[in-house]
Amino acid sequence: MAKNLNSDSEQQVLQAWKNPLNRRSFLRYTGAGVAASAILLTGCDDDDDSTVTDNMPGAVNLGSGDVGVLNYAYALEQLEAAFYTAVVALPNFSTLFTSATERQVLTDIRNHEIAHREFFKAAITGAAASQIIPSLTPNLPANALSSRASILNLAKTFEDLGVAAYNGAGKLITNPTYLGIAGKIVSVEARHAAEIRDMIENGTFASGAAGITAGNIVDANGLDVALTPTQVLAAAQPFIRETINGNNLPTN
């Protein structure tokens, strides 16, 4: 059965995004899980999973249709949130990042990623609870958090991959309201990506090799990288302990 859009609920959630994001303030608005669900899953079919085939037993199946795309985004936001949470919680965080400005930037990014993760979780739980994927376990390289350089390099990978994932998934979304919300999220992710690149080398916020694929992160036409779910999941899989099955996601 299709979900109905509640425009008042959309304004409520988006207004909350304008406020400073910290765990306490975010929990105050994610309590309206049904509101988030109405926004993101308007028009999605509760029976979307009827077309899902489990061709990878034991793997986490993202599902199909808009719910599958939502789970896809949720998986990536879980990874990013876990990474930045681990970074900010490091006992030597202040030693690795001696600049108070850089520490604040990383803390802000952590809060944004937690907000995105919890937003998707509330949305899927409220509208298609039987189809939500479980919490995933990050699998960071042994030296990922050992130095400022290693942290920022992995952050660059995650942020660039996140932007490319949203860019590539836009055409797969059938719900225009969901597409609008995804556009608001990817714009934040792009700000993260630019800031991280600038922290690595000043002035490189929109230049340099993509790293996650061939070519530059911004091409000659001024366009950012867009990757398919297959490409993104292949790049993200080494950083997630569970095997992710995206074979049922839409392709066009």
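Please read all numbers here as calculations on a predicted model, not as lab measurements.
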Closest contact, heavy atoms only, Val218 versus Ala206: CG2-O, 3.6 Å

Non-neighbouring partners of Thr230 that pass side-chain hydrogen bond (donor to acceptor under 3.5 Å, both in side chains), sequence neighbours left out: none

Considering all heavy atoms, the nearest Pro250-Val69 contact: CG-CG2, 3.9 Å

Arg191, CZ: over 12 other non-hydrogen atoms inside 6.0 angstrom: no

Those residues that, when tested against Glu102, pass salt bridge (Lys or Arg N to Asp or Glu O under 4.0 Å) (two or more places apart): Arg148

Residues Glu113 and His192: side-chain donor-acceptor under 3.5 angstrom: yes

ILVMFWY cluster, Ile173 and Ile133 together (side-chain gap under 4.5 Å): yes

Crowding at CD, Glu201 (>12 non-hydrogen neighbours, <6.0 Å): no

is_close_aromatic(Tyr84, Phe158), centroid dist under 6.0 Å: no

Candidate list Asn175, Asn71, Thr174, test side-chain hydrogen bond (donor to acceptor under 3.5 Å, both in side chains), partner Asp66, passing option: Thr174

Test item: Val88 and Phe83 side chains (from C-beta on) under 4.5 Å apart, heavy atoms: no

Greater than 12 external heavy atoms within 6.0 Å of Lys121's NZ: no

Flag if over 12 foreign heavy atoms under 6.0 Å of OH, Tyr74: yes

